[in-house]
S.K.: 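Sending over a structure as structure tokens; questions will come in a sec.
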2 protein chains.
Amino acid sequence: MNNMAKTENTELKIVEAATSVFVHKGFDGARMQEIADKAEINKAMVHYYFRTKQKLFERVFENVFEVVAERISSSLETSKSIDELLENITGTYFSVLAEKPYIPDFVIHELNRNPELIVHIIKTRGINKAKLSELIITEIQSRSLKPFDPLQIIVNVLALTIFPFAASSIIKGFIFEGDTEKYDKFVNERRQHIIDFVKSAIFKDQKT
Amino acid sequence: MNNMAKTENTELKIVEAATSVFVHKGFDGARMQEIADKAEINKAMVHYYFRTKQKLFERVFENVFEVVAERISSSLETSKSIDELLENITGTYFSVLAEKPYIPDFVIHELNRNPELIVHIIKTRGINKAKLSELIITEIQSRSLKPFDPLQIIVNVLALTIFPFAASSIIKGFIFEGDTEKYDKFVNERRQHIIDFVKSAIFKDQKT
DNA sequence: ATACGATTTAACTATTTGGTTAAACCAGTT
DNA sequence: AACTGGTTTAACCAAATAGTTAAATCGTAT
């Protein structure tokens with residue numbers, strides 16, 4: 001075998017550069033030359049390692065998705081109650097998205113643009129939807145929660161958590177009129193707000 | 001004056017074709033040739049009427065935004081209570097987005113890509129955020145609602161309503177494993193669910 | 001030192017794309 | 001019928017872009 005360290009290093013540099021470009025500009029807006037420049041290599045190298053823009057994109061998309069899915073699902077595994085679930089799911093999303101707020105728009109947009117990607121990804125990463133529903137149903141019965149559809153509740157939590165990051169420019173622009181300080185305060189308070197809001201909605205006896 | 005009917009007709013055809021292309025493929029993915037083909041005219045005509053892709057895009061974006069903003073804000077004007085507000089805001093969004101579910105992703109993506117657009121649009125369309133907050137604050141006091149931050153509540157309602165349309169491919173794929181029937185049922189039930197969920201969260205005495 | 005295979009580069013290609021131009025067309029006006 | 005001014009078209013252009021190629025380089029094993 002030959003010098004592998006160099007290879008892996010170059011490949012990594014390409015993936016990192018490509019991630020940054022794809023994630024901010026989308027597949028259609030991304031340029032192979034910009035990726036090469038950002039990785040400080042010749043454009044031909046990008047093709048040498050990944051052949052096509054599409055293949056490079058798939059690698060990047062799966063990576064990005066992987067990182068989020070990994071942290072989310074591992075944090076879900078451990079949740080034994082609705083309270084824990086809420087803490088874990090909001091906590092994980094906020095820690096991931098505070099760092100990489102562009103992920104929701106990227107994933108949503110590319111998945112809408114090319115829905116076949118989903119099929120491919122679901123095969124490798126099945127979210128334990130059934131397990132989650134079960135937990136919620138059990139809790140609804142044992143703790144006499146309001147009888148909302150568990151799937152609606154799951155989507156609610158995702159929506160409340162993810163939407164502000166996806167639509168940050170809109171919220172910042174329209175609701176906070178561009179005032180970044182107020183917006184940051186809003187985001188900081190939001191994690192706890194979501195927990196309080198959801199609990200208030202599903203518990204009959206108010207816990208807030 | 002010359003034949004104006006023809007002009008307006010061509011211009012309209014271009015805008016309609018451009019809307020359909022931009023809205024589904026985004027600015028970067030859209031092709032002037034495809035717009036011309038869809039409008040059944042020569043590509044040069046598109047440039048004759050709008051000079052550049054950017055100018056055409058701005059016209060389309062403002063149109064799309066206009067249509068939504070128009071219906072939303074007019075439905076908000078009339079709301080005198082939280083209950084009415086919820087009915088109006090979810091009702092309007094659902095009627096608009098059931099028809100044009102691609103709008104959220106389009107607006108979010110293009111606004112993230114080019115945040116300066118927001119400034120331009122806010123100038124013409126200020127959402128009456130203050131008025132909304134006031135209504136919510138008044139209701140919190142007079143009807144002894146839970147003391148949540150009105151802005152968080154507004155964002156919650158937007159998130160709960162808009163997110164499922166923006167992320168429809170994800171929800172359909174991951175939560176309903178591609179089962180369109182189940183997904184449609186979910187969407188049909190969702191409007192009422194949001195109303196119940198939000199009321200349950202903010203009213204101390206449970207109304208559901 | 002040299003041969004070998006993997007890596008890297010510069011130069012190149014084919015195609016696509018937004019945009020232009022000059023001429024043709026068409027409907028009123030004189 | 002010829003003129004006029006907006007409209008439409010076909011042909012064209014320059015720049016950008018994904019992808020290719022052939023030669024150079026570099027490290028390592030012999």
S.K.: Quick one: list whatever passes salt bridge (charged side-chain N to carboxylate O under 4.0 Å, His left out) with Arg113(B), sequence neighbours left out.
M.R.: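 Asp28(B), Glu110(B).
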S.K.: Would you mind building the protein contact string for nucleotides 14-24 of chain C? One character per nucleotide, 5' to 3', B for base within reach (heavy atoms under 4.0 Å), S for sugar-phosphate only, - for untouched.
M.R.: ---SBBBB---
S.K.: Given atom CG of Asn9(A) and atom C1' of dT8(C), what is their separation to the nearest angstrom?
M.R.: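 Checked: the CG to C1' distance equals 14 Å.
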S.K.: It should be established whether Tyr48(A) places a side-chain nitrogen or oxygen under 4.0 Å from OP1 or OP2 of nucleotide dT9(C).
M.R.: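 No, outside the criterion.
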S.K.: Do any N or O atoms from the side chain of Arg191(B) and from the backbone of Glu87(B) form a donor-acceptor pair under 3.5 angstrom?
M.R.: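 Yes; judged by distance alone, with no hydrogens or angles, the pair exists.
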S.K.: Atom CE of Met45(A) to atom P of dT21(D): distance rounded to whole Å?
M.R.: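 After rounding, the reported distance stands at 17 Å.
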S.K.: Give me each pair satisfying salt bridge (Lys or Arg N to Asp or Glu O under 4.0 Å) with a member in residues 33-42 of chain A, each pair once, sequence neighbours excluded.
M.R.: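 Only Lys25(A)-Glu34(A) qualify under salt bridge (Lys or Arg N to Asp or Glu O under 4.0 Å).
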S.K.: Check the angle between the aromatic planes of Phe57(B) and Phe106(B) and answer parallel, tilted or perpendicular using the 30° and 60° thresholds.
M.R.: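 Aromatic pair Phe57(B)/Phe106(B) classed perpendicular.
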S.K.: For Leu151(B) and Asp149(B), work out which heavy atoms get closest and say how close.
M.R.: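 So the two residues come closest at N-OD1, 2.9 Å.
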S.K.: Would you mind reading off the distance between Lys55(A) atom NZ and dG19(D) atom C1', rounded to a whole angstrom?
M.R.: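 To the nearest whole Å, that distance equals 13 Å.
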S.K.: Can you tell me how far P of dT9(D) sits from CD of Glu40(B), to the nearest Å?
M.R.: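 Spelled out: CD on Glu40(B) to P on dT9(D) is 11 Å.
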S.K.: In whole angstroms, how far is the C1' atom of dT9(D) from the CD1 atom of Ile14(B)?
M.R.: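 Between C1' of dT9(D) and CD1 of Ile14(B): 13 Å.
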S.K.: Charged N to carboxylate O below 4.0 Å: is that the case for Lys80(B) and Glu139(B)?
M.R.: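 So Lys80(B) does not pair with Glu139(B) through a salt bridge.
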